Amino acid sequence: MKKLDKNKKILLILLSILLLVVIPISCYTLFAPKFKVKEFESVIEIPLQSKFEGMYGNICYGNIFSCEDVKPEINGEVNTNAVGEYNVTYTYQVDHEELVEEQTVKVIDEESPTIEVTESEYFYCPSGEVKESYATAKDNYDGDLTDKMEVIGKDGKIYFSVTDSSGNQTTKEVDATEKDDGPVITLNGNTTMYVPLNGTYEEKGATSTDICDGDLTSKIIVSGSVDTKKAGEYKIKYKVTDSKGTLSTATRTVFVYAKNDYNAPNGKSIYLTFDDGPSAYTSKLLDILKKYNVKATFFVTNQGLTQGYDNVILRAYQEGHTIGLHTNSHNYSIYASEQTYFDDLYAIQSKVERITGQKSMIIRFPGGSSNTVSRSYDNGAHIMSTLTKAVEAKGFRYFDWNVESGDAGGAYTSSAVYSNIIKALGNNSTYMVLQHDIKSFSVDAVASVIEYGLAHGYTFRPITMDTPNVHHGINN
Ligand code: ZN
C-alpha cells in the first residue's frame with residue numbers, strides 16, 4: 001500500500017471535522033426551531049385609565065426560513081386606575097420550549113389639573129396676598145386641589161398655579177386690581193348715646209378689621225371725651241390706620257341732656273299725647289315721664305279696658321299731666337248728632353271731674369277733627385263742621401296732632417314708633433305727637449323719644465288752655 005504523504009493526511013482530518021462537527025452544528029443552527037425576540041421592551045409607560053392587555057411586541061418561534069408569532073401567557077396585575085409600577089411576566093411556550101420575559105409597566109398620569117376662576121373682578125392686597133377664593137383646581141387623579149393652589153397678586157394680575165401628584169402643572173392668570181379698602185371700624189354700643197346730666201358715660205370702644213391686615217382693634221386710637229356735668233353734644237372719634245397707611249375714622253355722638261324744664265321759655269316744643277287710656281301700661285308710662293320730668297297729656301276714655309284705672313288718672317293729674325277728654329264710649333255713633341256727641345263728651349268730663357276735682361276743657365275728637373268716619377253716622381249733616389265750632393263756642397279747646405307715631409296701625413314695635421316720631425321732628429315750635437297708652441310697645445318707645453328730644457333742644461310740655469292750635473282740616 002502506497003503510503004499517504006503527510007499533507008494528505010492533514011486534509012483528511014480537516015474534512016472529517018467538517019463532516020462530523022461543523023456541518024451538523026450549522027444545520028442545527030439553521031433549521032432547528034427556536035424563539036426569536038424581534039422586539040420586546042422591558043420597561044413601558046401607559047397612560048392612566050388606558051386599556052392594558054399586554055405589550056409583548058414580536059416574539060416568534062421557528063427557524064431561519066419560517067417563524068410564527070407566539071402569544072404568551074400574561075401574568076401580573078396592572079391597575080390602570082392607579083399611578084404606579086407593575087411587573088408583568090410573559091411566558092411563551094411552544095412544544096417543549098419556554099421563554100419568559102419580565103416587563104415593568106408604569107401607569108402614568110399625564111393629564112394636568114384644571115383651574116377654574118369663578119369671579120369677574122379680582123383684587124389683591126398690596127402684599128400680593130389674595131384674600132378671596134377666586135378659583136378652584138381639580139385634577140383627574142388627585143381630585144380637588146384648590147387648597148394646594150398657589151395664588152399671588154402682582155403687577156395687575158393674579159397668578160394661579162397648581163401641580164398634581166404626578167408633577168403636572170397648570171397655571172392661570174387673570175387681570176386684577178391691587179386694592180386695600182382700608183380698615184372698617186365697628187363701634188361697640190350705639191353710635192348715638194344719651195347720658196343724663198351728672199350721669200355716667202362708659203366708653204365701650206370699637207373693633208376694627210382690615211381685609212388685608214386682619215384684626216386692627218389694638219391699633220385704634222380713641223380721642224374726645226364726654227363731660228357729663230355739662231349738657232351738650234360730644235363727639236368721640238376712633239381712628240385706625242392699616243399697613244398701607246389708609247386711615248379710617250368713626251364717630252360716636254354722645255348727648256348729655258338736662259332734665260326737662262317744661263316751663264322753659266318758648267322754643268321747639270313736643271307735646272306727648274296719649275289717647276284711649278288709661279290702661280295697664282299707664283303707670284309704667286307715668287314712671288318714665290317722672291324720671292325725665294316730662295309732663296304729657298292723656299286723652300282718656302271710659303271704655304271697657306280703662307275700667308279699674310281711675311287711680312291712674314288721679315296719679316297722672318297729681319303729677320302735673322293734663323287730663324284731656326277723648327270720649328266716654330269711643331263709639332263713632334256719637335257722631336250721629338250734636339246731642340249724642342255732647343252727651344258722650346259730658347259723660348267723660350264728669351268722670352274726670354269726679355276723679356280729679358277739675359273740669360277739663362281740653363278735648364280730642366275720636367278719629368281727630370279730620371275724621372271721615374262720622375259721615376257714616378250723621379246722615380249727611382257734616383257733623384264735624386258743626387262740632388268743631390260748637391265745642392269752641394262752649395269754651396272747649398280741641399287738639400289734633402301733627403306727628404303720627406303709627407302705633408294705631410303700621411308700627412308694631414317700639415323702635416318703629418321711635419323712628420316715626422323722631423323723623424317728624426324739625427325746627428318748628430309745636431310738635432304734637434299721637435300715641436296710645438293702651439299699646440305697650442308704644443309706651444316702651446317713650447324714654448328714647450324723650451332722650452332724643454331733650455338732647456336735641458326740645459322742651460316737652462303738657463297741653464294747656466294756652467297751647468297753640470294743632471288742627472287738621474275738616475273732611476266731612
Ligand atoms: Zn281714640
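Atoms within a ligand are numbered from 1 in the order they appear, just like the ligands themselves. Predicted, not measured: the structure shown is a model, and the values here were computed from it.
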(request) Compute the ring centroids of F299 and F399, then answer whether they are less than 6.0 Å apart. (result) no

(message) Restricting to N/O/S atoms, is H330 within less than 2.8 Å of the Zn ion (ligand 1) or not?
(response) yes

(request) Could you grab the angle centred on the Zn ion (ligand 1), going from OD1 in D276 to NE2 in H326, to 10°? (result) 90°

(request) Run through F460, Y262, F298 and flag the one making a ring-ring contact (aromatic ring centres under 6.0 Å, His included) with H321. (result) F298

(request) State whether D275 contributes an N/O/S atom found under 2.8 Å from the Zn ion (ligand 1). (result) no

(request) Check whether any side-chain N or O of Q303 sits under 3.5 Å from a backbone N or O of D276 as a donor-acceptor pair, and report yes or no. (result) yes

(request) Determine yes or no for a side-chain-to-main-chain donor-acceptor pair under 3.5 angstrom, with T146 supplying the side chain and A137 the backbone. (result) yes

